[in-house]
Amino acid sequence: MELDKRILKILAILRKTYPDAQIPLHHKNPLQLLVATILSAQCTDERVNMVTPELFKKYKNANDFAVAMQPELEKSIHSTGFYKAKSKNIIGCCKMLVEKYGGKVPNRLEDLVQLPGVGRKTANVVLGGVWDIPGVVVDTHVKRLTYRMGLTKNTDPEKIEQDIMKLLPAKDWNDFTMSLIYHGRQVCIARKPRCHECPVSELCPKVGVE
DNA sequence: CTCCCGATAT
DNA sequence: ATATCAGGAG
């Protein structure tokens with residue numbers, strides 16, 4: 001079967017399997033999603049959700065983060081790991097938001113990626129989660145699943161992003177990546193993928209799966 | 001390619 | 001005790 005036919009079938013099944021696949025990061029505004037997503041680097045969303053309620057009670061806007069004392073911020077986010085780098089990035093990031101964007105989160109990928117601690121993955125999560133702007137989020141799950149499913153031969157996240165964008169219309173990018181992430185967490189897990197309970201098993205060449 | 005780091009499952 | 005989870009910067 002042709003690649004572009006196969007990916008559409010996979011998407012249709014995943015949509016039915018995970019009808020309300022959405023960003024699991026708790027947030028009430030663009031800034032909160034941006035900060036939560038920075039924190040989610042190399043950390044589970046569940047853990048991020050454990051620290052953000054207190055964090056957002058203490059820091060309510062970009063300026064609060066911009067003038068934060070780093071050691072204090074470090075304490076608030078400690079359990080998410082890489083807390084020194086993340087604190088530094090969040091402060092630097094929010095300083096830039098205040099100086100260049102009036103304390104608001106910009107809605108263009110090129111701008112977001114300039115912010116400290118924000119790469120393409122984080123930027124695309126924010127664009128999709130806040131403004132529903134189409135984008136392919138390539139996190140560790142999307143990287144692993146697209147490769148296993150034979151939808152890309154690349155291992156570089158940016159190349160994978162391009163490959164998927166070529167295979168699907170823009171309106172499907174967000175649904176596809178969100179449902180892939182859910183599927184990657186529950187069924188097509190890294191260690192021992194549960195191929196027997198996988199609804200897209202028939203459509204999957206299982207590249208690199210033992 | 002190396003460094004940044006804690007939490008949980010095994 | 002050790003493996004696994006899970007992005008970005010330099």
Side-chain angles (χ1 to χ4, degrees), chain A residues 18 21-27 30-55 65 68 70-97 100 105-106 108-130 135-148 152 154-164 173-174 177-195 208-210:
Chain A
Y18 311 101
Q22 28 150 302
I23 294 150
L25 258 13
H26 299 159
H27 63 280
L31 179 72
Q32 288 188 357
L33 181 57
L34 177 60
V35 171
T37 310
I38 290 173
L39 290 177
S40 78
Q42 297 292 99
C43 177
T44 61
D45 291 351
E46 294 71 56
R47 168 116 339 247
V48 173
N49 286 336
M50 292 179 196
V51 311
T52 45
E54 282 301 313
L55 183 70
F65 282 111
Q70 196 181 318
E72 203 177 326
L73 182 55
E74 285 175 8
K75 281 179 196 153
S76 301
I77 69 167
H78 178 272
S79 69
T80 66
F82 301 117
Y83 56 88
K84 281 184 180 158
K86 285 176 183 174
S87 300
K88 192 161 176 268
N89 284 336
I90 289 169
I91 292 171
C93 178
C94 288
K95 278 188 169 143
M96 203 176 287
L97 291 185
K100 297 184 66 173
V105 178
R108 297 192 313 169
L109 185 73
E110 317 83 76
D111 295 331
L112 284 165
V113 160
Q114 294 303 117
L115 301 166
V118 181
R120 301 184 68 87
K121 181 261 180 182
T122 299
N124 276 316
V125 166
V126 171
L127 291 172
V130 175
V136 175
V137 174
V138 183
D139 70 343
T140 187
H141 299 293
V142 173
K143 178 177 173 177
R144 182 180 69 251
L145 298 228
T146 50
Y147 191 78
R148 276 183 182 166
T152 183
N154 289 302
T155 52
D156 170 37
E158 195 165 343
K159 295 256 184 64
I160 296 173
E161 204 182 313
Q162 306 301 330
D163 287 341
I164 301 306
W173 294 347
N174 292 355
T177 53
M178 277 309 130
S179 57
L180 265 197
I181 290 168
Y182 270 70
H183 191 56
R185 276 207 271 255
Q186 297 167 32
V187 179
C188 194
I189 53 180
R191 244 307 234 105
K192 249 188 105 247
R194 320 188 202 284
C195 298
V209 175
E210 69 259 36

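Heavy atoms only: backbone and side chains are in, while hydrogens, waters and symmetry mates are out. The sequence lines fix the lettering, A, B, ..., with proteins before strands; numbering per chain opens at 1.
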Please report the distance, rounded to the nearest Å, between [atom1] in [X] and [atom2] in [N].
X      : N     : atom1 : atom2 : result
A/E158 : C/dA9 : CD    : P     : 13 Å
A/E46  : B/dG6 : CD    : C1'   : 15 Å
A/R120 : C/dG7 : CZ    : P     : 16 Å
A/I189 : C/dA3 : CD1   : C1'   : 14 Å
A/N89  : B/dC5 : CG    : P     : 11 Å
A/I38  : B/dC5 : CD1   : P     : 16 Å
A/K75  : B/dC5 : NZ    : C1'   : 18 Å
A/E161 : C/dG7 : CD    : P     : 14 Å

Using the [atom1] atom on both, measure [N] against [M] and round to a whole Å.
N      : M     : atom1 : answer
B/dT8  : C/dG8 : C1'   : 23 Å
C/dC5  : B/dC4 : C1'   : 15 Å
C/dT4  : B/dC5 : P     : 23 Å
B/dT10 : C/dA6 : P     : 14 Å

- request: Could you say whether A/Q42 or A/V113 is positioned toward the 5' end of DNA chain C, judged by the nucleotide with the nearest heavy atom to each?
  value: A/Q42

statement: Sorted by position of nearest nucleotide on DNA chain C, 5' first, the leading residue of A/K88 and A/A190 is A/A190

With a cut-off of less than 4.0 Å, is there a side-chain N or O of [X] near OP1 or OP2 of [N]?
X      : N     : value
A/T80  : B/dA7 : no
A/R191 : C/dA3 : no
A/H141 : C/dA6 : yes

Checking all strands, does [X] fall into the base, sugar-phosphate, or nothing category for heavy-atom contacts under 4.0 angstrom?
X      : result
A/L115 : sugar-phosphate
A/P157 : nothing
A/F82  : base
A/K84  : sugar-phosphate

Please answer whether the main-chain N or O of [Y] pairs with a side-chain N or O of [X] as donor and acceptor at a distance below 3.5 Å.
X      : Y      : value
A/N49  : A/H26  : yes
A/R194 : A/Q186 : yes
A/N154 : A/D156 : no

- prompt: Just checking, any donor-acceptor pair under 3.5 angstrom between side chains of A/Q70 and A/E74?
  reply: yes

task: Check the side chains of A/K121 and A/T177 for a donor-acceptor pair under 3.5 angstrom, ignoring hydrogens and angles.
output: no

- prompt: Where the side chain of A/S79 is concerned, which of B/dA7, C/dG8, B/dC5 is the nearest nucleotide?
  reply: B/dA7

query: Of all the choices, C/dG8, B/dT8, C/dA6, which nucleotide is nearest to the side chain of A/T140 once you look at every atom?
result: C/dA6

statement: In A/I77, A/N89, A/D45, the residue satisfying side chain to side chain contact (heavy atoms under 4.5 Å, CB included) with A/L39 is A/I77

